[in-house]
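Read the structure below first, then the notes.
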Protein chains: 2
Amino acid sequence: MDHLTHLKTAGLKSTLPRLKVLNLFGNGNERHLSAEDVYKKLLASGDDVGLATVYRVLTQFEQAGLLIRHHFEGDKSVFELNEGKHHDHIVCLQCGRIEEFYDATIESRQKKAAADRGYSVHDHSLYIYADCIKPKCPNKP
Amino acid sequence: MDHLTHLKTAGLKSTLPRLKVLNLFGNGNERHLSAEDVYKKLLASGDDVGLATVYRVLTQFEQAGLLIRHHFEGDKSVFELNEGKHHDHIVCLQCGRIEEFYDATIESRQKKAAADRGYSVHDHSLYIYADCIKPKCPNKP
DNA sequence: GTCGGTAATGGTAATCATTCTCATTTGCGT
DNA sequence: ACGCAAATGAGAATGATTACCATTACCGAC
Ligand SMILES: [Mn+2]
Ligand SMILES: [Mn+2]
Ligand SMILES: [Zn+2]
Ligand SMILES: [Zn+2]
């Protein structure tokens, strides 16, 4: 399903700002971007989109299920394309690198922990904060 | 170790505001409190402490290892007493109730996931967002 | 116990991310 | 091409948190 179709499916009208934002996430760029990141990247590529619009669109895409919002350590939200395959994250505290992983055992133990206590799970977030080993860690974003 | 000793050990001088904040967390009250929660509770009990001081002290206690800071969904930080026993959290999206749990398997699989990829783990956060079953969920905070 | 210096406090201004307001522009069906 | 509801964007407003800085409270030395 292409971007335009994605928008229609979500009941969102196809506008230039929305397509531009969706393109950013679709590219081979970094998968995890903050609103500020998106705004700056669009400006840099000559596509002028208002900051308010960026925030609005990101939230709409999240509600439509096109993007996933993360609250890594710190104040700002980070978004990534929702490609249907759930995964968790390791965040390097030195350089900000983000690595994805999936562990079926962790997933099932989580479900069990919640079920045992009478909870109906919506979702969960698991962030591992770590240092990546020297060679591949350029230190500091 | 009592509160006064805690402060000394952390290299923090024993002041009235600090003791009051530490007392709040020591009581049988709710374990998980935001800065605003702490501020309001102190006001309510006649102990006037400035909001700026509350924020400062909470951060100092976190750095000293006396408190643990959480970033549950939403914008504000939540703190709890660090009693040495690590645990994760289930958060009810309806009423805000927070339940703690510990699963040794999850812990070890996390360590392994990070180690396998060459990361040296600092810490991690695992939050399960759910609905607690009707009877014990009073809906809405 | 008093004194003095330093660290802590607290009122208020400032900052940062995010949301709101509202006049202007755009997408889209007719 | 026309018309109108929905979307945009510049800037104001908000909410949480931090920075400033003049005043006050610890604490160790007399
Ligand atoms: Mn990811
Ligand atoms: Mn807890
Ligand atoms: Zn790194
Ligand atoms: Zn509940």
Side-chain angles (χ1 to χ4, degrees), chain A residues 2-24 32-43 45-64 66-67 69-79 96 141, chain B residues 3-24 32-64 66-67 69-79 96 141:
Chain A
D2 66 340
H3 291 162
L4 209 148
T5 313
H6 257 156
L7 291 179
K8 278 192 202 148
T9 303
L12 294 170
K13 121 179 1 174
S14 166
T15 68
L16 233 36
R18 283 175 182 158
L19 289 174
K20 287 173 183 171
V21 170
L22 214 39
N23 272 331
L24 256 195
H32 307 88
L33 300 172
S34 69
E36 189 73 19
D37 291 338
V38 170
Y39 178 64
K40 292 215 184 104
K41 278 183 182 295
L42 290 179
L43 284 194
S45 59
D47 299 311
D48 294 310
V49 175
L51 182 55
T53 300
V54 169
Y55 274 102
R56 232 180 342 225
V57 166
L58 289 176
T59 299
Q60 291 165 340
F61 284 1
E62 182 202 4
Q63 288 165 348
L66 296 180
L67 294 180
R69 180 195 299 259
H70 294 292
H71 303 284
F72 295 138
E73 209 144 79
D75 29 21
K76 60 187 63 168
S77 290
V78 171
F79 299 82
Chain B
H3 291 163
L4 209 148
T5 313
H6 257 157
L7 291 178
K8 279 192 200 147
T9 303
L12 294 170
K13 127 181 350 179
S14 165
T15 68
L16 233 36
R18 282 174 182 159
L19 290 174
K20 287 173 182 169
V21 170
L22 215 39
N23 272 329
L24 255 196
H32 307 89
L33 300 172
S34 69
E36 190 72 19
D37 291 338
V38 170
Y39 179 64
K40 291 214 185 104
K41 278 182 183 293
L42 290 179
L43 284 195
S45 58
D47 300 310
D48 293 310
V49 174
L51 182 55
T53 300
V54 169
Y55 274 104
R56 220 177 307 130
V57 166
L58 289 175
T59 299
Q60 291 164 341
F61 285 1
E62 182 202 6
Q63 287 165 347
L66 296 180
L67 294 181
R69 180 195 300 259
H70 293 291
H71 304 285
F72 295 137
E73 211 144 76
D75 32 19
K76 59 186 64 167
S77 290
V78 171
F79 300 83

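Letters A, B, ... are given to chains in the order of the sequence lines, protein chains preceding strands, and every chain is numbered from 1.
- Atom pair B:Gln63:CD and C:dA8:P shows a separation of 12 Å (rounding to whole Å applied).
- Put simply, the side chain of B:Asp47 does not reach to within 4.5 Å of the side chain of B:Leu16, judged on heavy atoms.
- Residues B:Leu24 and B:Lys20 fail the side-chain proximity criterion, which asks for heavy atoms closer than 4.5 Å.
- Distance, A:His71 NE2 to C:dC16 P: 21 Å, rounded to whole Å.
- Contact check for A:Val54 versus A:Glu36: no side-chain heavy atoms found under the 4.5 Å cut-off.
- Taking the side chain as every heavy atom from C-beta outward, B:Val78 and B:Leu33 never approach each other to under 4.5 Å.
- Here the C1' atom of nucleotide C:dA8 and the CZ atom of B:Arg18 are 6 Å apart, to the nearest Å.
- Remark: A:Thr53 pairs with A:Pro17, A:Val49, A:Arg56, A:Val57 by the side-chain contact (heavy atoms from CB on, under 4.5 Å) rule, at least two apart or across chains.
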Under-3.5 Å N/O pairs linking protein and nucleotides 28-30 of chain C:
residue : atom : partner : partner atom : Å
C:dC28  : OP1  : A:Ser14 : N            : 3.2

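- One atom, CG of A:Leu19, and another, P of C:dT26, lie 15 Å apart when rounded to the nearest Å.
- Residues B:Glu62 and B:Arg69 form a side-chain contact, since some pair of their non-hydrogen atoms from C-beta on lies under 4.5 Å apart.
- Residues B:Ser14 and B:Leu19 approach most closely at OG-CD1, 3.6 Å, considering heavy atoms.
- Under the 4.5 Å side-chain criterion, counting only non-hydrogen atoms from C-beta, B:Tyr55 is not in contact with B:Thr59.
- Terminal axes of the helix from C:dG1-D:dC30 to C:dT30-D:dA1 (five pairs each, C1' rotation axis) are separated by 30°, to the nearest 10°.
- A:Asp48 is listed as a side-chain neighbour of A:Leu43, based on a closest heavy-atom distance under 4.5 Å.
- Summarising the geometry of A:Val21 relative to A:Phe61, their closest heavy-atom pair is CG1-CE2, 4.1 Å, with the distance given to 0.1 Å.
- For the ring pair (Phe, Tyr, Trp, His ring centres under 6.0 Å) test, residues two or more places apart in sequence or in another chain that qualify with A:Phe72 are A:His70, A:His89, A:Tyr127.
- Counting 5' to 3', DNA chain D first comes under 4.0 angstrom of a heavy atom of chain B and last does so at the ends given by D:dA16 to D:dC27.
- Here C:dG10 presents its C1' atom at 12 Å from CG of B:Leu43, a figure rounded to the nearest Å.
- Taking every heavy atom of both residues into account, B:Tyr39 and B:Gly50 meet most closely at CE1-C, 4.0 Å.
- Smallest separation of non-hydrogen atoms from B:Ser34 and B:Lys76: CB-CD, 4.1 Å.
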Polar-atom pairs under 3.5 Å, protein N or O versus N or O of nucleotides 18-21 of chain C: list them with distances, or write none.
residue : atom : partner : partner atom : Å
C:dT18  : OP1  : A:Ser77 : N            : 2.8
C:dT18  : OP2  : A:Tyr55 : OH           : 2.6

